[in-house]
Amino acid sequence: MAASMDEDVSANPVPSSEEDPLAEERLGFVREVGAQAVWSLSSCKPGFGVERLRDNIMDTYWQSDGQLPHLVNIQFHKRTNISQIYIYTDYKLDESYTPSRISIRSGTNFNDLQELQVMDLTEPTGWVQIPIKDGNVKSIRTFMLQIAVISNHQNGRDTHMRQIRIHAPVEGKHYPLELFGKFGTVDFQKFATIR
């Protein structure tokens with residue numbers, strides 16, 4: 001299990017045009033494993049729940065409804081390697097709803113979560129990459145991740161998160177999709193990775 005690192009990391013997110021989680025997926029270095037998990041939230045406004053975090057549309061968002069901290073719980077059916085988390089936020093649109101401090105926690109269930117790192121976000125717009133490491137190891141193996149929004153910009157109460165992607169490292173040989181041409185249609189994307 002991951003040891004608690006309690007790292008404070010300041011993030012100056014790179015705009016989404018430069019930092020793209022799909023680019024690493026297309027190159028074959030990582031795969032998105034969020035679809036293999038059960039997602040739950042501490043709270044949400046009606047119509048702004050988990051489905052908005054996972055719909056791959058940057059204009060939709062999860063909106064919390066309650067007191068801080070706001071929690072996103074991601075539970076896997078089996079122990080899963082996790083190398084990074086990408087969170088899409090947009091300070092220009094969301095202002096006081098934008099997270100300013102988040103905590104990443106890992107464990108086997110709700111009762112033994114350990115904090116891996118705390119990250120400060122300064123007016124993030126675009127994808128924010130959060131590398132998940134256990135000491136010198138490049139990834140962790142875990143049953144559960146929790147993303148906790150500890151505070152928002154301008155002391156906002158509720159939070160907006162637009163998208164979350166969970167990446168696992170691909171072991172063995174890498175086969176970039178670009179070698180085989182452009183796969184842009186939905187039908188092609190369904191078969192882009194092997195489970």
Side-chain angles (χ1 to χ4, degrees), residues 2 5 7 9-39 50-62 72 74-93 98-99 102 104-106 116-117 119-147 161-195:
M5 296 181 353
E7 292 180 11
V9 180
S10 292
N12 292 322
V14 179
S16 61
S17 61
E18 296 177 27
E19 187 74 41
D20 181 14
L22 296 176
E24 287 192 346
E25 292 174 32
R26 285 190 297 269
L27 290 173
F29 295 122
V30 296
R31 60 189 174 92
E32 210 284 330
V33 294
Q36 299 172 11
V38 176
W39 292 65
V50 172
E51 65 280 355
R52 300 296 176 115
L53 280 175
R54 303 291 300 158
D55 62 6
N56 290 324
I57 301 171
M58 304 310 165
D59 295 331
T60 63
Y61 52 85
W62 159 55
V72 178
I74 307 155
Q75 295 176 283
F76 296 94
H77 299 290
K78 61 181 182 177
R79 191 173 254 182
T80 305
N81 277 338
I82 305 295
S83 60
Q84 56 200 8
I85 299 172
Y86 277 93
I87 299 175
Y88 190 88
T89 60
D90 195 336
Y91 180 78
K92 292 174 186 169
L93 293 176
T98 307
I102 59 174
I104 306 297
R105 302 165 183 164
S106 172
L116 297 176
Q117 64 180 308
M119 181 175 252
D120 291 318
L121 307 174
T122 306
E123 299 183 3
T125 298
W127 288 104
V128 177
Q129 180 189 22
I130 305 167
I132 304 297
K133 297 180 182 176
D134 180 14
N136 294 331
V137 181
K138 293 183 180 179
S139 63
I140 62 168
R141 285 179 55 81
T142 188
F143 281 104
M144 181 174 180
L145 284 174
Q146 185 178 76
I147 302 169
M161 278 194 200
R162 294 182 174 267
Q163 294 294 303
I164 297 177
R165 295 187 72 80
I166 310 295
H167 282 173
V170 173
E171 298 176 12
K173 294 184 178 182
H174 304 288
Y175 297 102
L177 289 178
E178 279 74 22
L179 293 177
F180 306 103
K182 293 283 182 188
F183 297 99
T185 66
V186 174
D187 290 333
F188 278 124
Q189 288 296 327
K190 283 195 272 186
F191 302 104
T193 59
I194 300 172
R195 291 189 195 201

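All of these numbers come straight from a predicted model, not from anything done at the bench.
- Of all non-hydrogen atoms in Ser139 and Pro169, the two that sit nearest each other are OG-CG, 4.0 Å.
- For Arg162, the salt bridge (Lys or Arg N to Asp or Glu O under 4.0 Å) test picks out Asp94, with sequence neighbours left out.
- Of the possible donor and acceptor atoms, one in the side chain of Gln163 sits under 3.5 Å from a partner among the backbone N and O of Ile57.
- For Glu24, the side chain to side chain contact (heavy atoms under 4.5 Å, CB included) partners are Val30, Gln84, Tyr86, His167, not counting sequence neighbours.
- Taking the side chain to side chain donor-acceptor pair (under 3.5 Å) definition, one finds that Asn56 meets it with Arg165, sequence neighbours left out.
- Taking CG of Leu121 as the start and CD1 of Ile130 as the end, the distance is 7.0 Å to the nearest 0.5 Å.
- Exactly one residue among Ile140, Ile166, Val33 makes a side-chain contact (heavy atoms from CB on, under 4.5 Å) with Thr80. That residue is Val33.
- We find the CZ-CG distance between Arg105 and Leu116 to be 10.5 Å, quoted to the nearest 0.5 Å.
- A search for side chain to side chain donor-acceptor pair (under 3.5 Å) contacts involving Thr60 returns Asp55, not counting sequence neighbours.
- Nearest heavy-atom pair across Tyr61 and Arg52 is O-CB, 3.3 Å.
- Contact detail for Trp39 and Val50: the closest heavy-atom pair is CB-CG1, 3.5 Å.
- For the atom pair CE of Met161 and CG of Leu53, the computed distance is 7.5 Å after rounding to the nearest 0.5 Å.
- The shortest distance between side-chain heavy atoms of Trp62 and Val72 falls below 4.5 Å.
- For Asp90, there are no side chain to side chain donor-acceptor pair (under 3.5 Å) partners two or more places apart in sequence or in a different chain.
- Across Ile132, Leu145, Ile74, a single residue satisfies side-chain contact (heavy atoms from CB on, under 4.5 Å) together with Ser106, and that is Leu145.
- Residues meeting the side chain to side chain donor-acceptor pair (under 3.5 Å) test with Glu32, sequence neighbours left out: Arg54.
- In this structure, Gln146 CD and Ile104 CD1 are separated by 9.5 Å, a value rounded to the nearest 0.5 Å.
- Tyr88 OH to Trp127 CH2: the interatomic distance, rounded to the nearest 0.5 Å, is 8.0 Å.
- Under the rule for a ring-ring contact (aromatic ring centres under 6.0 Å, His included), the partners of Tyr91 that lie at least two apart in sequence or sit in another chain are His153.
- Summarising the geometry, atom CD belonging to Gln36 is positioned 8.5 Å from atom NE2 belonging to His77; distances are rounded to the nearest 0.5 Å.
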